[in-house]
Amino acid sequence: MSVNKLNVTPMMRQYLDIKDENPDCVIFFRMGDFYEMFFEDAVTVSRELEITLTGRDCGLSERAPMCGVPFHAADNYVARLVEKGFKVAICEQLEDPSTTKGLVKRGVVRIVTPGTILEGSTIQEGKNNYITSLVRTEDHYGLSLCDVTTGEWLVTEVSIDQGDHKLMDELAKFAPVECLLDHRVYTDTKLPTHLKDRFNALVEEIPDHVLDYDLCEKLLLNHFHILGLDGIGLSNHPACVLACSSLLNYLKETQKNELSHLGQITFYNVNEFMLLDSATRRNLELTETLREKKRKGSLLHVLDHTQTAMGARYLRKCVEQPLIHQEAINARLSATEELKESLFLRDDIKASLSAIYDMERLVGRIAYGTCNAKDLIALKESLRVLPELHGHLETTTSHALRAMYNSFDDLSDLFERIDVSIIDEPPISLREGGLIKGGYNQEIDELRDVKTHGTNWLRDVETKEKEQTGIKNLKIKYNKVFGYFLEVTQSYNHLVPDYFIRKQTLSNCERYITEELKTIEEKILGADEKLQALEYKLFTEIRDFIAEHMDRLLRMSRLVAELDMLTSLAIAAEVNGYVKPLIDESDTLNIVGGRHPVVEKIIGQHQFIANDVYLNETDHQINLITGPNMAGKSTFMRQTALIVLMAQMGSFVPAESAHIGVVDRIFTRVGASDDLASGQSTFMVEMMEVSNILHHATKKSLLILDEIGRGTSTIDGLSIAWAIIEHIANHNKLGAKTLFATHYHELTELEKTIPSLRNYCVQVKEMGETIIFLHKIVPGSVDHSYGIQVAHLAGLPKEVLDRAHAIMAEIEGESSRDLRAVVETSSKAVEEHKLQTEQNTVPASAHVEASQASLTAEPISLAQTVSPSGQVSLLEPAQATPPAQMSLLGGSDLHVEIIDALEDADLMNMTPFEAMQLLFELKNQLNGKGSKKKKSRR
Ligand SMILES: Nc1ncnc2c1ncn2[C@@H]1O[C@H](COP(=O)(O)OP(=O)(O)OP(=O)(O)O)[C@@H](O)[C@H]1O
């Protein structure tokens, strides 16, 4: 609706002017106790937030569409709009309407965007909320990131030569919610689409005039009160100056605030951390699961035993940014070890940490001036714990913990200041008063005294004056014009003393005041108002005093976060049975008894089959892994990457031992993913990822390549996989340590020609048509993928499976696979099993030559399929494990034991009773009862 401003009411013109200045924002226009939205904004907001759309006379023939929300509940509405991708401008009344004649002055006090919102559901406790600015100069990208809720402000630069991939990898680390891009990046690259698709980020273009270098430099110098860029370490980084300044400019414009808590920029070098490309982060499920995007099921979830929100955020950063310097990694590992070994120290620290609130975000609110008295009390309670925490660190010996002890600042002066001034349970609203402790300020005490004792004082004065003057009917009275006064009837006028000051003469009496009464009156009248104003003033003084110590507070918040992160790693190591890895600069990767940290939690540690891996640059550079589908190849490769990553973030690892030569990058190419949005097929994405790997991997990298080439024809795929292996092999070029899983069994021949390649396979036990997944990686190769058996477990229709077997038999010329016979015998076995359960006896025909992989219509449990010679059911049909869990059962040592027992048993020569006894014993073992023979896993 286009509106002619000339014809509208003055207030509506004011609204339209503000809207013109902020065309991309929804305007929350303050009117009394409501924020109102008008015209298109009203229509949008009523639709998005499902609130009633009404109208308001605006001077035009049509009423202006209008909707509104109460101001005290506005935060929630604002947060919901921001979550939906809107920017909201908060427009306040800048004058008191009760004392203003005419139109009240209004102005935008803050613009709330995804990257600048301070409260609401988008702000997650354990996650930073980053806004980023990205600019491009001739040779570098400058990338600046800020979390305004915590005051963290980072900057780095990425050389243009390193390519856009590197930039994307860096962005993936932080998953920004709002991105400011300079003109070139905004219009000439795919980055805006990528940022929207990948992170659901709000993407905006930085106006060109903001990027004038001189202005940028000046803005930073002014903000930091410094004379040269040396002061913030940016003198030789023009791209960083532009990125930081454009970000600061945007924050100043939107926040209209001092931003004093953004008091420090941290420059970091992208090459100081392990490089993880975005595909690898997703594939390894570092912070969320691949499919459901849930935190549960990720590495972070397993490691997170933090007590504070700051610690949780710090831990996430460590998972996102593993280290690559041996000394730094070992420093963290030693601290983790000390906390793991000393149960009392760990428990004491944990108990203290649990009493600490999110100091970083409290400090952010204090700096913004949006905190209330409860926030100050939360801060005080956190500060109360610091000396105790300091004490716990006193006896520590590891370098990192000692450094914390030595640089500890228990901030007792700040604690004292809040403790003496603010009551322990203050009201939420500052305007209510009642925040300041008694004894802190004399005037406040007197005002409160007045409120409680005012009437008594008046009575005392009245009594005193009566006695002194002898005027028996003297009274103290009150009216709005004169306030408090002494009233004396005409008959006593002759007794009125000199210090009585006449105010009014009435027909039968005179009214007076005295100096004393005036003083009391001043105190009594407006005591409430004065009290509230004074309390508010004192509160802001205390808040500002705390804000002046922002640097100290933020430094201690980060120390607490780091301590919490280390304690969390120690707890994770203890509860999950992790060991300390040996980290050095060697070319070795030697993991003994490695486990997948997440899968073992899901299926139970005793069910998980541990595996070894050995890689080096010379004779074990590439491990080529073959094995059936569902055997555990991907799990094994992922666990290797995760163990390396955990070690380099300073965590203990799920293994019996681990020797890790520092890895500079981990690349994974696992599973199928496509990028249909940008018009790329699954195979195209796969090849692009591989291309990135081959271009950027180094000798010190770890490559996890799962089924390269499967997205195209067999011959093309095989040829590509072959060539890639040759390229990676160190005698040829790259030399990166590599785990390469494949179903192309032809590739195992490469062991003969590539000296650094070794064949490994995942063990399965094959019993007739039955396969048992043992999940054990051993030297050697297999030439069979058992795909059809896995398809059967997945419940493919019988006709399809029959046909697949027939085709395979035809291709392989294997007429021996008589499918029908298999089906018939297995069906017969199932029937007999039912019978035998009913009769509670085992007929001799239980020893039929039936295949386990009975292609019955219902998929069957592995636990049912353990006889070498025939199908012997150990579980009641109702207890049978659903297909999805079969592999979990399949590989445990218990099952191997059972299979061995059955293989050893001479079933054919047993009496039915003996067979029955054996079966029951095995059944009990499977159910976890009477498993006397059960051994520990390793
Ligand atoms: N070491 C292990 N111990 C116990 N269970 C395991 C182990 N490894 C894998 N599994 C189980 O087997 C399932 C299949 O594993 P995985 O996906 O790694 O197989 P795969 O060989 O990569 O299969 P495909 O070739 O079909 O991709 C996993 O979901 C897991 O539950």
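Order of appearance sets the numbers: ligands from 1, and atoms from 1 within every ligand. These figures come from a predicted structure and were not determined experimentally.
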Say whether [X] and ligand 1 are in contact under the criterion: heavy-atom distance to a ligand atom below 4.0 Å.
| X | result |
| --- | --- |
| H743 | yes |
| E707 | yes |
| A631 | yes |

Inset, instruction - Return the set of residues passing salt bridge (charged side-chain N to carboxylate O under 4.0 Å, His left out) with K601 (not counting sequence neighbours), or none when no residue passes. - result: none

Legend entry - Audit row: N616, Y614, side-chain hydrogen bond (donor to acceptor under 3.5 Å, both in side chains) steps and yes/no: CA-CA 7 Å; N616 66 24; Y614 181 73; 3.2 Å; yes

Inset, instruction - Mind checking whether V762 contacts ligand 1 via backbone (N, CA, C, O), side chain (CB onward), both or neither, at a 4.0 Å heavy-atom cut-off? - result: neither

Legend entry - Proximity of P628 to ligand 1 by residue part, where a heavy atom lies under 4.0 Å: backbone

Legend entry - Derivation and outcome, side-chain hydrogen bond (donor to acceptor under 3.5 Å, both in side chains), residues S781 and N759: CA-CA 6 Å; S781 61; N759 284 334; 4.7 Å; no

Legend entry - Heavy-atom proximity to atom 8 (N) of ligand 1, best of D706, T626, T635: T635

Inset, instruction - Pick, from H775, K633, K776, the option with the minimum heavy-atom distance to atom 4 (C) of ligand 1. - result: H775

With a cut-off of 4.0 Å, which atoms of ligand 1 are near a heavy atom of [X]?
| X | answer |
| --- | --- |
| I603 | 4 (C), 5 (N) |
| Q607 | 4 (C) |
| G632 | 8 (N), 9 (C), 15 (O), 16 (P), 18 (O), 19 (O), 20 (P), 21 (O) |

Legend entry - N or O pair under 3.5 Å between F608 and ligand 1: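 Such a contact does not occur with ligand 1.
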
Legend entry - Min N/O separation V599 to ligand 1 under 3.5 Å: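 The answer is no, given that V599 and ligand 1 share no N or O pair closer than 3.5 Å.
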
Output yes when [X] and [Y] qualify as a salt bridge under the 4.0 Å nitrogen-oxygen rule, no when they do not.
| X | Y | result |
| --- | --- | --- |
| R669 | E689 | yes |
| E337 | K340 | no |
| E288 | R295 | no |
| K798 | D802 | yes |

Going by atom type alone, with no hydrogens or angles, which donor-acceptor pairs under 3.5 Å involve a side-chain atom of residues 715-722 and a protein atom two or more places apart or on another chain?
residue: D716; atom: OD1; partner: S713; partner atom: OG; Å: 3.3
residue: S719; atom: OG; partner: I715; partner atom: O; Å: 2.5
residue: W722; atom: NE1; partner: E726; partner atom: OE2; Å: 3.0

